[in-house]
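These numbers come from a predicted model, not from an experiment.
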Amino acid sequence: MSEDEAAIEDAKRALRRRLRTARTEQGATLSAAGSEALTAHLVNLVRTLGARTVSAYLSLPGEPDTRGLLRWAEAEGIRVLLPIIRTDGLLDWAEHDGTEAIEDTLGMPEPTGEVLPPTALDEVDLMLIPATAVGRDGSRIGGGRGFFDRTIAAMAECPPVYAIVHDEELFDSVPHAAYDQPVDGVVTPSGILTLTPRS
């Protein structure tokens, strides 16, 4: 890692710590207050894009709540794939069936359905991914483990990718390196922003 990349990683860690502290202190309140509006925007995005298969995730406490979208998708017959963490740093997937379990190693909620390989994403029309912070230039800071960066980088053809954050976690730009995968848009309780397209 070069000195510049090391400096970027330090800046990402500092911002991630600050925002995680804020999520711990007020994230549950923010999530509850913005849940209905966020769900409405996510539903609007799915409808606007005409997506019939979506990849999403089970939000953690303090994160913007994704379960409203999952309930709507189930009622509407929209297929939703949820990630399952692999030991090699990639992601498997499972269809949302309304059930979930807590994964022991990282404490992440995961679906309990049949495990599908990473190639299941080839059928996805829209990817909704978690983030700690997003820039209006498409830059994104994830959780620090790189699961979604590696997943997106490995895809030959990637559908639109939108990150979900609280309003307070959207900036003009966030620290990012060349290996950090940008997003096409961001969804917050205040609305949907389409950002700089990925090259």
>> Whether Arg71 and Glu74 form a salt bridge (side-chain N of Lys/Arg under 4.0 Å from carboxylate O of Asp/Glu) is what I want to check.
In response: no
> Looking at CH2 of Trp93 and CD of Glu110, how far apart are the two atoms once the value is rounded to the nearest 0.5 Å?
Replying inline: 11.0 Å
>> Which residues pass the side chain to side chain donor-acceptor pair (under 3.5 Å) test with Asp172, not counting sequence neighbours?
In response: Arg136
>> On a heavy-atom basis, which atom in Pro189 and which in His41 lie closest, and how many Å separate them?
In response: O-NE2, 3.1 Å
>> Within this structure, what is the CG-CD1 distance for the pair Leu116 and Ile84, rounded to the nearest 0.5 Å?
In response: 7.5 Å
> Is Val54 reachable from Leu121 through a run of hydrophobic residues whose side-chain heavy atoms are each under 4.5 Å from the next?
Replying inline: no
> What are the two closest heavy atoms between Asp184 and Pro160, and how far apart are they?
Replying inline: OD2-CA, 3.4 Å
> Taking the side chain as C-beta and beyond, is there a heavy-atom pair between Ile85 and Arg145 under 4.5 Å?
Replying inline: no
> Are Val165 and Ile192 co-members of a hydrophobic cluster defined by side-chain heavy atoms under 4.5 Å apart?
Replying inline: no
>> My understanding is that a hydrophobic cluster links ILVMFWY residues whose side chain heavy atoms are under 4.5 Å apart, including indirect links. Using that, what else belongs to the cluster containing Phe171?
In response: Leu15, Leu19, Ile141, Val174
> If only atom types and distance count, is the side chain of His96 paired as donor or acceptor with the main-chain N or O of Leu58 below 3.5 Å?
Replying inline: no
> Taking only residues at least two apart or on different chains, which pairs with a member in residues 77-96 satisfy salt bridge (Lys or Arg N to Asp or Glu O under 4.0 Å)?
Replying inline: Arg79-Glu95, Arg79-Glu123, Arg86-Asp88, Arg86-Asp92
>> Any non-hydrogen side-chain atom of Tyr162 less than 4.5 Å from a side-chain atom of Leu193?
In response: no
> Quick one: do Leu45 and Met127 end up in the same hydrophobic cluster if we chain Ile, Leu, Val, Met, Phe, Trp and Tyr together by side-chain heavy atoms under 4.5 Å apart?
Replying inline: no
> Any salt bridge (Lys or Arg N to Asp or Glu O under 4.0 Å) pairs touching residues 147-160, not counting sequence neighbours?
Replying inline: Arg140-Asp149
> Should Val134 and Leu128 be counted in the same cluster of Ile, Leu, Val, Met, Phe, Trp and Tyr side chains packed under 4.5 Å apart?
Replying inline: no
>> Test of understanding: with side-chain contact (heavy atoms from CB on, under 4.5 Å), list the residues that count as partners of Ser190, not counting sequence neighbours.
In response: Asp167, Thr188
> If Ile, Leu, Val, Met, Phe, Trp and Tyr residues are connected whenever their side-chain heavy atoms lie under 4.5 Å apart, and connections chain through other members, are Leu81 and Phe148 in the same group?
Replying inline: yes
> Taking atom CG of Leu195 and atom CG of Asp137, what is their separation to the nearest 0.5 Å?
Replying inline: 8.0 Å
> Among all residues two or more places apart in sequence or in another chain, which pass the side-chain contact (heavy atoms from CB on, under 4.5 Å) test with Ser59?
Replying inline: Tyr57, Glu63, Asp65, Thr66, Arg67
>> Can you list everything that forms a side-chain contact (heavy atoms from CB on, under 4.5 Å) with Asp10? Sequence neighbours excluded, please.
In response: Arg13
>> Return the CD1 to CZ distance between Ile129 and Phe147, rounded to the nearest 0.5 Å.
In response: 13.5 Å
>> Please determine whether side chain to side chain contact (heavy atoms under 4.5 Å, CB included) holds for the pair Gln181 and Val161, giving the CA-CA distance in whole Å, both sets of side-chain angles, and the decisive distance to 0.1 Å.
In response: CA-CA 10 Å; Gln181 299 297 308; Val161 178; over 6 Å; no
>> Checking Thr48 now: which residues fulfil side-chain contact (heavy atoms from CB on, under 4.5 Å) with it, not counting sequence neighbours?
In response: Asn44
>> To check you understand the geometry: which heavy-atom pair defines the closest contact between Arg23 and Pro64, and what is its length?
In response: NH2-CD, 3.9 Å
>> So which atom in Pro111 and which in Pro83 form the shortest heavy-atom distance, rounded to 0.1 Å?
In response: CD-O, 3.5 Å
>> What's the separation between atom CG in Leu126 and atom CG in Leu49, rounded to the nearest 0.5 Å?
In response: 5.5 Å
> Do any pairs count as a salt bridge (Lys or Arg N to Asp or Glu O under 4.0 Å) and have a residue in residues 40-51, sequence neighbours left out, and if so which ones?
Replying inline: none
>> A side-chain contact here means heavy atoms from C-beta on lying under 4.5 Å apart; do Leu60 and Pro109 qualify?
In response: yes
>> Quick check for you: to the nearest 0.5 Å, what is the distance between Leu82 atom CG and Asp97 atom CG?
In response: 8.5 Å
